[in-house]
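Sequential numbering from 1 along the given sequence is applied to the chain's residues. This is a predicted model, so every value here is computed, not measured.
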Amino acid sequence: MLIAACFGTFLEWYDFLTFGALAVTFGPLFFPSNDPSSSLLASLATFGVGMIVRPIGAAFFGSMGDRIGRKPVFMITISIMGLATLLVGFLPTYAQIGILAPILLVSLRILQGFSAGGEIGGGAIFLAEHAGEKNRGFKTSFLQLMGPFGILASTLQITLLQGWLSTEEFQAWGWRIPFFVSFLLLLLALYFRRTLEETPAFKELQTNSPKTEGQLINNLRDPEIRKKMFLLFFCVSGGGAVLFFCSQVYLPIFLKTTVKLPVELVDQLSVKSTLFLVTTIIFAGWLSDQVGRKPVITCGLFLGAALIIPVFWVMEAIGSHLPLTQQDLSIIGCIMFGLSFILGLLGGPQAAILAELFPAKSRNSAATFPHNLAAGWIGGMLPFIVTWLSQIWVDSLAGLWYPTIYLLIAALVALLFLPEPIKKYCLYRN
């Protein structure tokens, strides 16, 4: 069950983040411009579009999950994501069909975001409802590894392709290979997911109330659930999204474009820091079982607010005196590891707290909608907003005030208002 649930989520992240890893490549292919910065901005905006529509998918599939069950939704979302990703690999470029190329790319990106809204968050609910009460943070933390593993798989594959192929070959056709590989992963995911059983919590709901229904509107009308949806949106999911995109999406772009590090070197460092993130997530999930979800999450938010601008400043300063020494590389590596550790403090308890904050009958929609709204509107647009602000102010670090201020406010709100959900809600409570 764990493998089947996690593998599908891995595929969603692999498909979704391969696009982000190729943002620099997509710029000249689909958004050609005399200004490389404009091409990059257009590519990042397209990445952000997929994130913006995630809440729509979450609202649609979250209500469907409360109505027809968690498992059927899993099969639908993964099929949409896999097929949309495969079609990206077949797209002609701007040089071949003109303006239709970026239109098709954006359309497929919207489909990816729509399906991801039902999968990411819904997977946490599914696993948490199977995990039981004991050590739920530790058990569900394995689902959070699928994001890093998705990054690792896409980054490693792209790094190998760039090593095997010339720059011209990779730009001409090599970038398509990761999208073709996703189809094989889709077949495996569908095979594994056929074996899944519906969650005990939903089975109990069907027994007690056979006419289950979508609960999103009811959730928004309930003051207590609405409050917790906001806290989940702003502090847990929003803070986690900001840290995720700062450390895993924007940081590699910053190192490649602003610091001017070789692409291959950045990808190698990204792989190592992602492997470290895996251990951090498991540790943070276990730690949240011992001391509570709230202290771990709040600590991660405060650390992120305090350190983002200083560490990016250090990396920019190092890049100003190329070539790099071994000491410089060690410092950059330690910074990437440090950001991964902070992200892990948010990621480890996240799957558990998504489920624990809400009663079973409304859990799927109550958790997935704010979670994907935060990931889409706050995290997904972060690379674009940070890059745009930095260009407006002609300062590569100016845009980083946005995530810094956000994390500081989220940390204070979490400290004052976020409840400690452990043992307060039974996952089978109707």
Side-chain angles (χ1 to χ4, degrees), residues 3-23 25-26 29-30 43 46-65 68-94 96-97 100-123 126 146-147 149-151 153-155 157-158 161 173-196 368 372 375-376 380:
I3 294 175
C6 288
F7 188 83
T9 304
F10 161 78
L11 176 59
E12 293 275 2
W13 277 112
Y14 169 85
D15 289 348
F16 207 65
L17 294 170
T18 294
F19 193 103
L22 291 170
T25 301
F26 279 167
L29 288 175
F30 290 92
S43 184
T46 304
F47 178 81
V49 165
M51 300 298 294
I52 287 175
V53 299
R54 271 180 60 174
I56 301 174
F60 179 80
F61 290 115
S63 292
M64 185 183 292
I68 68 172
R70 315 327 189 196
K71 179 181 176 179
V73 170
F74 268 10
M75 302 300 289
I76 296 170
T77 55
I78 200 170
S79 298
I80 295 175
M81 173 66 83
L83 292 175
T85 304
L86 174 65
L87 290 175
V88 172
F90 288 103
L91 280 182
T93 63
Y94 189 95
Q96 295 170 316
I97 61 171
L100 188 58
I103 292 175
L104 290 173
L105 182 64
V106 171
S107 299
L108 291 174
R109 187 63 182 163
I110 289 173
L111 275 179
Q112 283 187 321
F114 185 70
S115 67
E119 171 73 29
I120 300 170
F126 184 89
M146 297 306 105
F149 282 156
I151 296 172
S154 60
T155 302
Q157 185 176 193
I158 291 168
L161 287 170
W173 55 267
W175 63 270
R176 300 179 184 273
I177 293 177
F179 298 100
F180 296 150
V181 170
S182 72
F183 183 69
L184 299 177
L185 297 177
L186 171 63
L187 296 179
L188 283 174
L190 289 173
Y191 173 78
F192 282 130
R193 286 206 164 174
R194 282 180 10 181
T195 65
L196 289 175
T368 58
N372 284 279

Are the side chains of [X] and [Y] in touch, meaning some heavy atoms are under 4.5 Å apart?
{"X": "Trp175", "Y": "Phe26", "answer": "yes"}
{"X": "Leu91", "Y": "Ile97", "answer": "no"}
{"X": "Ile76", "Y": "Phe61", "answer": "yes"}
{"X": "Ser115", "Y": "Ile78", "answer": "no"}

Measure the [atom1]-[atom2] distance between [X] and [Y] for me, rounded to the nearest 0.5 Å.
{"X": "Leu108", "Y": "Leu86", "atom1": "CG", "atom2": "CG", "value": "10.0 Å"}
{"X": "Ile110", "Y": "Ile56", "atom1": "CD1", "atom2": "CD1", "value": "8.5 Å"}
{"X": "Leu100", "Y": "Phe30", "atom1": "CG", "atom2": "CZ", "value": "11.0 Å"}
{"X": "Phe90", "Y": "Leu104", "atom1": "CZ", "atom2": "CG", "value": "14.0 Å"}
{"X": "Ile158", "Y": "Ile177", "atom1": "CD1", "atom2": "CD1", "value": "11.0 Å"}
{"X": "Phe114", "Y": "Asn372", "atom1": "CZ", "atom2": "CG", "value": "11.5 Å"}

Using every non-hydrogen atom in the two residues, find where [X] and [Y] come nearest and quote the distance to one decimal.
{"X": "Met81", "Y": "Gln112", "result": "CE-O, 3.2 Å"}
{"X": "Gly174", "Y": "Leu161", "result": "O-CD1, 3.7 Å"}
{"X": "Ala101", "Y": "Pro92", "result": "CB-O, 3.4 Å"}
{"X": "Gly82", "Y": "Ser182", "result": "O-OG, 4.3 Å"}

(message) Main chain of Thr93, side chain of Gln96: is a donor-acceptor contact present, judged purely on distance under 3.5 Å?
(response)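 Flag set: sc Gln96 to bb Thr93 pair under 3.5 Å.
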
(message) Please determine whether the number of non-hydrogen atoms from other residues, nucleotides or ligands lying under 6.0 Å from atom CZ of Phe180 exceeds 12.
(response)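 Enclosed: over 12 neighbouring heavy atoms sit under 6.0 Å from CZ of Phe180.
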
